[in-house]
Amino acid sequence: MWVQALDVILEKMKASGFDFSQVLALSGAGQQHGSVYWKTGASQVLTSLSPDLPLREQLQACFSISDCPVWMDSSTTAQCRQLEATVGGAQALSCLTGSRAYERFTGNQIAKIYQQNPEAYSHTERISLVSSFAASLFLGSYSPIDYSDGSGMNLLQIQDKVWSQACLGACAPHLEEKLGSPVPSCSVVGAISSYYVQRYGFPPGCKVVAFTGDNPASLAGMRLEEGDIAVSLGTSDTLFLWLQEPTPALEGHIFCNPVDTQHYMALLCFKNGSLMREKIRDESASRSWSEFSKALQSTEMGNGGNLGFYFDVMEITPEIIGRHRFSAENHEVSAFPWDVEIRALIEGQFMAKRIHAEGLGYRVSKSPKTSEFPEKCSRVSRAGMVLKLALSAWCQGSSSRQPSVWGEAVRAEALLGLGGVIPKSSSSLLRGALHHAQLTFPASRHFLNGRGSRWSRLRGGHRGLKHLFVFKYSLPKTKILATGGASHNRDILQVLADVFGAPVYVIDTANSACVGSAYRAFHGRSMDGGQMSLKELGALAGLRSVKGEIGMFPFFRDIGVLGALASFFSLPAEQEVETKVKASDPSSPGPWTAPWGTIALVEASLKLWIIKKSPPCRQVLAGAAHAHKGVLPPICCQRLPGGTALLCLPKPKPVPSPSTAVPTPRHISHFIWRSVLQLGPGRNLTGSQCVDEWRGDHVF
Ligand SMILES: Nc1ncnc2c1ncn2[C@@H]1O[C@H](COP(=O)(O)OP(=O)(O)O)[C@@H](O)[C@H]1O
Ligand SMILES: O=C(CO)[C@@H](O)[C@H](O)COP(=O)(O)O
């Protein structure tokens, strides 16, 4: 089915006139934890695919297991207990692999297959995750598993990034050779197979960047910052955070970070997500999302004290099943009126998310008030000075490419614009300002395009640098970034905002895993050590022609610096960009020439990024669909050599885990109750998040 899905996607893209020759790199994402079993001899078939036939016809006999286990499988409890016992208990396994044993995690699935079908196992030459399987199809050979998706197997030592021999041994024999060595998530795993070159017209040099799990890809696509919380409302609901230090516990998962190999991500998975919402919609809202929304609109926040938890299938976080409704008097009741039922479901789902996220150490936090924002930042002349200093620092340093050249510009920026906000010690000053430049980057695009909503109004609607500061310092620190199918529903998102007491943002495509795959393709290609000419960058940015070759520059490193710089510019049209490149700003000769041209191009590539609809089927071809139009990933900005060097990471240390007791509905009720009480007097959810605030057409 998956092989055929790829055939279908590619044929549809071909039929729609997609120009495969423009694809420089691709990556993709797959549901986490699922596994594919390649039969002995399959690699031979993979390397000699005939371009005249669809993949499905050629790969049919390549698998030793025909029904692949996917993440919803929960049949491996016995294997889980066995694995935990082997390594010294659930917490020990969590410290080692980032999670206690979970039924859907691949090591336990493999152990079950080995135990129940040893013959099939012995005829298996390679085991892939869904992600590395899809990458293998593009490569025409087996793709390694990336660290991030590999963390969802209960097999990878997340700190050392190697397979745990103890875990491998507990699951099945010869497992290491069947898995291959794991690789960093941004690795280029090879060039695309000649099959795709001949059949679809991909360029032979097109790079395949390691594929990863859907949630890690979403983290990349949503450009999570520390303090943000991402909520994915797909088939399952997940909630994830960017973490600097792993904090393995008995609840939730720690995965290697798909963007930065030294960092981590925390994830909570809720099995009763969209499918549960669909059930209640069908039962209580005539199978209509708009009726469902009406119920949310017509009921009060807090639901008059009525609470409900709906777990039609055994939940993962926490392990519990059944529907449990509590009246305002805290009595268990068997039914609610239809509209109360709908609000109870959505509030219950989000309150559970908040309470479990807080269990992971997550706190909703607020920034200083807007009034504390230094008035002098608002002067556009000062913005110009900052810009000039930043640019001149860049020019001086352009030959050495050292991040230290940023010191001057950053210091100037801090003095002019951020005095009093960033600590004065020089290293933190630099770090803070770099961070600032990178983080405000998307915001600047938003405001310079004149599309700011609430934040523009706050400061009078002027355009200019001040918006960057207003944005950065007036938002509550916590942002909730929503994605997945149900993030299309603003009434559901409103409840999310109310329960967390923080603004919720969506990206312009609900499929953040797709966008993340495109970012990662770009990231991987740029990390590949190659040099890229301005012309090539121009092509990547979608410019028709780039006049005046300015020279080569190391692609990855400088694009981050330039990207941050480019955030100060508003160069709207492609044509204007070309004019600027040609004219190179005659009023500023000499060293200004190069940066003007280059920055203009970078800005152009930002403006032109993607905005193409995702391919008809999800994720797999994300990189291909997006990379061709020039994605300038903020992950590059975040991963400046200077930025990386400046982030000194303390040694990770595990934190004590919460109680192992399986919570009863009553426990959960109390948990949730506590969360409601925390939200404000009279059990009113704060309700401060009006529509404008939580969904300001925000473009990340
Ligand atoms: N308007 C809507 N309101 C609520 N849920 C929606 C809406 N549109 C789609 N969905 C839900 O989105 C789910 C699919 O989400 P998606 O992120 O595509 O899934 P997956 O996690 O499998 O990638 C569907 O199950 C559907 O219930
Ligand atoms: O199991 C998890 C995460 O640990 C799931 O999130 C899967 O990664 C796929 O989920 P859907 O895309 O089907 O919602």
Side-chain angles (χ1 to χ4, degrees), residues 5 28-35 68-74 97-100 102-106 108-109 129-131 148-154 211-219 221-222 230-240 251-255 258 265-282 285 287-297 313-317 342 345-346 349-350 353 482-496 506-507 509-517 614-620 622:
Q31 286 185 333
Q32 296 198 260
H33 320 297
S35 44
C68 297
V70 296
W71 74 273
M72 285 193 125
D73 185 296
S74 55
T97 68
S99 306
R100 69 164 170 82
Y102 280 90
E103 279 76 359
R104 69 193 192 286
F105 275 45
T106 327
N108 308 306
Q109 294 289 342
L129 293 179
V130 181
S131 57
S148 196
D149 211 16
S151 315
M153 302 174 78
N154 276 148
F211 284 30
T212 192
D214 53 354
N215 293 296
S218 280
L219 178 133
M222 296 171 92
V231 176
S232 169
L233 304 170
T235 304
S236 62
D237 285 353
T238 59
L239 179 149
F240 45 89
E251 181 173 271
H253 316 296
I254 307 293
F255 297 151
M265 66 181 279
L267 180 133
L268 292 169
C269 183
F270 303 85
K271 208 176 202 174
N272 293 274
S274 277
L275 299 184
M276 191 65 239
R277 287 187 287 274
E278 278 176 18
K279 265 195 174 175
I280 298 290
R281 177 203 63 184
D282 294 351
R287 309 175 72 87
S288 147
W289 285 125
S290 64
E291 288 301 307
F292 192 93
S293 283
K294 276 185 200 154
L296 292 175
Q297 289 159 12
V313 291
M314 175 64 81
E315 184 49 79
I316 296 167
T317 318
I342 288 171
L345 165 74
I346 301 299
Q349 286 188 329
F350 291 144
K353 284 180 183 56
T483 185
S487 70
H488 290 297
N489 188 321
R490 59 190 285 152
D491 298 294
I492 290 180
L493 294 188
Q494 181 68 65
V495 179
L496 178 60
V506 292
I507 53 173
T509 159
N511 199 334
S512 53
C514 258
V515 179
S517 299
S614 319
C617 298
R618 41 176 275 170
Q619 289 152 15
V620 156

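As the structure lists them, so they are numbered: ligands from 1, and atoms in each ligand from 1. Side-chain atoms are counted along with the backbone in the values below, which use heavy atoms only and exclude waters and symmetry mates.
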Report task. Start with the C-alpha distance between Leu219 and Leu267, add both sets of side-chain angles, then the distance that settles side chain to side chain contact (heavy atoms under 4.5 Å, CB included), and finish with yes or no. Result -> CA-CA 10 Å; Leu219 178 133; Leu267 180 133; over 6 Å; no
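Among Gly273, Ser288, Ala513, Gly485, the residue whose heavy atom lies nearest to atom 15 (O) of ligand 1 is Gly485. When the heavy-atom distances from atom 25 (O) of ligand 1 to Arg277, His488, Glu278, Gln31 are ranked, the shortest goes to Glu278. When the options Ala29, Ser290, Ser274 are ranked by their closest heavy atom to atom 13 (C) of ligand 1, first place goes to Ser274. With distances taken over non-hydrogen atoms, the option nearest atom 14 (O) of ligand 2 out of Ser99, Ser236, Ser131, Ser151 is Ser236.
Against a heavy-atom cut-off of under 4.0 Å, Gly484 is close to the following atoms of ligand 1: 17 (O). The atoms of ligand 2 that sit less than 4.0 Å from any heavy atom of Gln32 are 3 (C), 7 (C), 8 (O). Atoms of ligand 2 found under 4.0 Å from any heavy atom of Arg104, numbered from 1 in the order shown, are 1 (O), 2 (C), 3 (C), 4 (O). Residue-ligand proximity, Thr238 to ligand 2, at heavy-atom distances under 4.0 Å covers atoms 6 (O).
Side-chain contact between Val231 and Asp237 is absent, with no heavy atoms from C-beta onward closer than 4.5 Å. Looking only at side-chain heavy atoms (C-beta outward), Leu275 and Met72 come within less than 4.5 Å of each other.
Here Ser236 pairs with Trp71, Thr238, Cys269 under the side-chain contact (heavy atoms from CB on, under 4.5 Å) rule; sequence neighbours left out. Residues passing the side-chain contact (heavy atoms from CB on, under 4.5 Å) test with Thr106, sequence neighbours excluded: His33, Ser35, Ile110, Leu129, Met153.
In this structure, Trp289 and Phe292 have perpendicular ring planes: the angle between them is above 60°, well past the 30° mark.
Formation of a donor-acceptor pair under 3.5 Å by the Gln109 side chain with backbone atoms of Glu103 is found in this model.
By the criterion of a heavy-atom distance under 4.0 Å, the side chain of Ile492, and not its backbone, is placed next to ligand 1. Using a 4.0 Å cut-off between heavy atoms, Cys269 contacts ligand 2 through its side chain alone, with no backbone atom that close. Under 4.0 Å from ligand 2, the heavy atoms of His33 that appear belong solely to its side chain.
Checked by distance only, ligand 1 and Thr235 come closer than 3.5 Å through their nitrogen or oxygen atoms.
No option in Val313, Ile316, Thr317 other than Val313 meets the side chain to side chain contact (heavy atoms under 4.5 Å, CB included) test with Asn272.
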